[in-house]
A.B. asks: 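Below are the structure tokens for one structure; questions will follow.
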Protein chains: 2
Amino acid sequence: MTEQPLTRSEENYLKAVYSLSGNTDKGVSTSDLATRLETKASSVTDMVQKLAEKNLLHYRKYQGAKLTPGGKAAAIQIVRKHRLWEVFLHEKLGFAWDEVHDIAEQLEHIKSEELILRLERFLGHPKYDPHGDPIPDPDGRIQARRSMPVSEMKPGMEGVITGVRDSSSSFLQYLDKQQLVLGTRISVVEVFDYDQSVQIETADNRITLSFDVSKNIKVQVENG
Amino acid sequence: MTEQPLTRSEENYLKAVYSLSGNTDKGVSTSDLATRLETKASSVTDMVQKLAEKNLLHYRKYQGAKLTPGGKAAAIQIVRKHRLWEVFLHEKLGFAWDEVHDIAEQLEHIKSEELILRLERFLGHPKYDPHGDPIPDPDGRIQARRSMPVSEMKPGMEGVITGVRDSSSSFLQYLDKQQLVLGTRISVVEVFDYDQSVQIETADNRITLSFDVSKNIKVQVENG
DNA sequence: AGATGATTTTAGACAAGTCTAAACCTGTTT
DNA sequence: AAACAGGTTTAGACTTGTCTAAAATCATCT
Ligand SMILES: [Mn+2]
Ligand SMILES: [Mn+2]
Ligand SMILES: [Mn+2]
Ligand SMILES: [Mn+2]
């Protein structure tokens with residue numbers, strides 16, 4: 001009854017529900033899942049019903065999908081594997097942070113608990129992946145960092161870049177070009193009312209960030 | 001027309017045809033493939049016809065399957081990936097040589113040329129996998145070692161264990177127990193006519209090997 | 001050559017996962 | 001309350017890879 005092996009598709013659905021749920025307690029809509037999984041709403045309905053059958057999520061017609069405790073645990077394990085593999089690809093194989101995601105999408109489905117435990121040890125028990133996202137421990141516990149997007153910072157505030165809200169290749173490459181890598185210390189010089197753009201200062205540069213960009217950079221602000 | 005992505009199943013069939021072909025130029029029989037792939041003959045017929053359609057192997061009814069150059073190249077790439085992953089699991093993650101195969105069976109299907117090139121570099125361009133099997137280079141070239149099974153050695157001959165013909169967990173664990181790991185130097189003391197068993201000597205021990213065991217240990221014999 | 005037995009292929013079916021098109025809810029507007 | 005527009009589900013179909021059972025072929029032995 002417990003611990004049925006999941007197919008790759010099932011794992012992808014659970015991960016999608018998990019990531020679209022965010023902090024909220026609300027069900028994830030069929031169409032949001034369809035968009036995320038690049039599939040059709042009808043396919044989502046089918047799969048969601050199947051996963052509900054397996055007690056991995058709660059589902060009532062027209063009310064969207066919500067993970068059960070078991071479903072959430074499964075989803076977190078996949079996230080854990082994904083992020084550990086990303087660390088491996090980046091730290092050990094030298095892939096850039098914008099190149100790791102697609103390969104990790106494949107690697108996250110490899111079935112072996114022992115493999116992941118050993119990989120984690122080999123990597124030195126990393127706490128964060130190359131995009132600054134926390135790596136769940138073997139029991140699924142996640143210690144989140146409190147951080148805020150640059151877009152919410154006020155002039156004069158300082159902090160260190162600890163993550164991104166958009167892991168797309170184009171965004172990550174843009175950050176590389178601007179030398180805004182994880183760990184970079186920045187301070188906000190000015191926020192322009194006109195278009196919500198933000199001027200920031202690093203050790204080397206002054207850069208103006210569009211609102212869209214500033215929303216997607218997460219900063220750990222000095223305790224104030 | 002070239003370079004269609006292969007499914008996991010197709011890859012497994014190609015690899016099975018490759019490994020069952022050995023050196024011979026003959027077609028591999030449907031039933032041998034079925035046994036190897038733990039499936040039914042009728043399933044093999046279906047898949048073999050599909051792969052022939054894709055020009056990955058030659059197939060004539062009742063005549064078995066033979067790899068085309070394209071099919072052989074594809075098969076070798078999978079073998080290459082399998083063996084590189086085995087090295088990673090053994091050398092970097094510390095898995096025993098009898099534990100690596102099953103996980104490598106999964107990892108060999110990950111799709112990324114770049115990943116394998118980087119993995120190979122990270123591993124220091126190993127020439128052999130943990131079972132002594134040669135690792136094809138990126139272009140599919142394989143440099144085989146000339147070796148003979150212990151069962152063909154005559155009394156007085158010496159050599160170094162370089163590989164095994166059976167990678168089953170039980171066989172590998174047996175070798176571990178007897179301290180017959182790759183690189184061990186052995187000499188043949190006596191061959192018993194009665195049951196073809198072989199008495200060998202290592203630096204530390206004298207051990208008698210059954211014919212079955214002696215067939216499955218490959219030795220590189222001193223140039224004589 | 002004819003019969004026998006093993007191997008192989010075909011026919012028909014099924015499960016998983018997906019799709020399109022049609023039917024169905026639901027929330028909001030008239 | 002009825003109509004409309006979105007979003008959702010259902011119905012029916014298709015593909016891939018597999019299976020069982022039946023038919024076909026091959027190899028071998030009288
Ligand atoms: Mn990722
Ligand atoms: Mn990540
Ligand atoms: Mn292997
Ligand atoms: Mn091997």
Side-chain angles (χ1 to χ4, degrees), chain A residues 3-17 20-21 24 26-67 71 74-75 78 105-106 108-109 111, chain B residues 3-18 20-21 24 26-67 71 74-75 78 105-106 108-111:
Chain A
E3 277 307 283
Q4 328 128 76
L6 301 174
T7 68
R8 171 176 298 229
S9 245
E10 290 171 334
E11 291 188 341
N12 284 334
Y13 274 87
L14 291 177
K15 194 165 61 120
V17 175
L20 291 173
S21 295
T24 72
K26 311 199 58 176
V28 176
S29 79
T30 301
S31 55
D32 284 357
L33 281 168
T35 303
R36 168 65 64 100
L37 292 162
E38 295 179 272
T39 184
K40 303 294 170 177
S42 54
S43 306
V44 172
T45 300
D46 283 349
M47 181 60 94
V48 144
Q49 286 171 345
K50 199 177 84 178
L51 291 171
E53 202 62 41
K54 294 192 181 189
N55 290 309
L56 291 163
L57 42 79
H58 299 293
Y59 171 69
R60 279 191 0 269
K61 279 189 193 181
Y62 301 99
Q63 307 304 302
K66 244 195 72 179
L67 292 170
I78 302 160
E105 283 294 311
Q106 297 182 63
E108 72 189 4
H109 301 293
K111 259 113 193 139
Chain B
E3 276 309 282
Q4 329 129 74
L6 300 174
T7 67
R8 173 177 297 232
S9 244
E10 289 171 335
E11 291 188 342
N12 284 333
Y13 274 87
L14 291 176
K15 192 164 62 118
V17 175
Y18 177 72
L20 291 174
S21 294
T24 71
K26 309 200 60 175
V28 176
S29 78
T30 299
S31 54
D32 283 358
L33 281 168
T35 302
R36 168 66 62 101
L37 292 162
E38 296 179 85
T39 183
K40 302 294 171 179
S42 54
S43 305
V44 172
T45 300
D46 284 350
M47 182 59 94
V48 144
Q49 285 171 346
K50 200 177 83 178
L51 291 171
E53 202 62 42
K54 294 192 180 188
N55 288 311
L56 292 164
L57 42 80
H58 299 294
Y59 171 68
R60 283 193 353 270
K61 277 189 192 180
Y62 299 101
Q63 307 303 302
K66 243 196 74 180
L67 292 169
I78 303 159
E105 283 294 310
Q106 297 182 64
E108 72 188 3
H109 301 292
I110 301 291
K111 259 111 192 143

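Everything quoted here is computed from the prediction, not taken from an experiment. Just so it is clear: chains get the letters A, B, ... in the order the sequence lines come, proteins before strands, and each one is counted from 1.
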A.B. asks: Report, as yes or no, whether the 6.0 Å neighbourhood of atom NZ on A:Lys111 holds more than 12 heavy atoms from other residues, nucleotides or ligands.
C.D. replies: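 Atom NZ in A:Lys111 is crowded, with more than 12 foreign heavy atoms closer than 6.0 Å.
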
A.B. asks: Could a donor-acceptor pair under 3.5 angstrom be found where the side chain of A:Ser42 meets the base of C:dT20?
C.D. replies: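 For A:Ser42, whose side chain was compared with the base of C:dT20, there is a donor-acceptor pair (under 3.5 Å).
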
A.B. asks: In whole angstrom, what separates A:Arg60's CZ from D:dG7's P?
C.D. replies: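 Computing the A:Arg60:CZ to D:dG7:P distance gives 20 Å.
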
A.B. asks: B:Thr39 side chain N/O closer than 4.0 Å to the phosphate oxygens (OP1, OP2) of D:dC19?
C.D. replies: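 Checking B:Thr39 against D:dC19: at least one side-chain N or O falls below 4.0 Å of OP1 or OP2.
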
A.B. asks: Would you tell me if any nitrogen or oxygen in the side chain of B:Gln49 comes within less than 4.0 Å of OP1 or OP2 on C:dT10?
C.D. replies: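 True: B:Gln49 side-chain N/O within range (under 4.0 Å) of C:dT10 OP1/OP2.
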
A.B. asks: Counting only side-chain N and O atoms of B:Tyr13, is one of them less than 4.0 Å from OP1 or OP2 of D:dT18?
C.D. replies: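 Yes.
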
A.B. asks: Is any side-chain N or O of B:Ser9 under 3.5 Å from a base N or O of D:dT16, one able to act as donor and the other as acceptor?
C.D. replies: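 In this structure, the two groups form no donor-acceptor pair.
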
A.B. asks: Compare the minimum distances between each of D:dT10, D:dC19, D:dG7 and the side chain of A:Lys61, then state the nucleotide with the smallest one.
C.D. replies: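 Ranking D:dT10, D:dC19, D:dG7 by closest atom to the A:Lys61 side chain puts D:dT10 first.
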
A.B. asks: Nearest whole Å is fine: how far is D:dT18 C1' from B:Met47 CE?
C.D. replies: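 In whole Å, D:dT18 C1' and B:Met47 CE are 10 Å from each other.
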
A.B. asks: To the nearest Å, give me how far apart CD (A:Gln63) and P (D:dG7) are.
C.D. replies: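 Between P of D:dG7 and CD of A:Gln63: 16 Å.
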
A.B. asks: Base, sugar-phosphate, or nothing for A:Ser43, non-hydrogen atoms under 4.0 angstrom?
C.D. replies: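 Counting heavy atoms under 4.0 Å across all strands, the contact made by A:Ser43 includes a base.
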
A.B. asks: Could you state the CG-C1' distance from B:Asn12 to D:dT16, rounded to the nearest angstrom?
C.D. replies: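 One finds 15 Å between C1' of D:dT16 and CG of B:Asn12, rounded.
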
A.B. asks: Looking only at side-chain N and O atoms, does A:Ser31 come under 4.0 Å of OP1 or OP2 in D:dT8?
C.D. replies: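 For A:Ser31, the contact criterion (side-chain N or O under 4.0 Å from OP1 or OP2 of D:dT8) is met.
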
A.B. asks: What contact category does B:Thr45 fall into here, base, sugar-phosphate, or nothing, at under 4.0 angstrom with non-hydrogen atoms?
C.D. replies: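 Answer is base: heavy atoms of B:Thr45 come under 4.0 Å of a base.
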
A.B. asks: Might you work through the side-chain contact (heavy atoms from CB on, under 4.5 Å) test for B:Tyr59 and B:Thr45, ending with a clear yes or no?
C.D. replies: CA-CA 10 Å; B:Tyr59 171 68; B:Thr45 300; 3.9 Å; yes

A.B. asks: Is the distance from OP1 or OP2 of D:dT9 to the nearest side-chain N or O of A:Thr30 less than 4.0 Å?
C.D. replies: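 It does, given that an N or O in the side chain of A:Thr30 lies less than 4.0 Å from OP1 or OP2 of D:dT9.
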
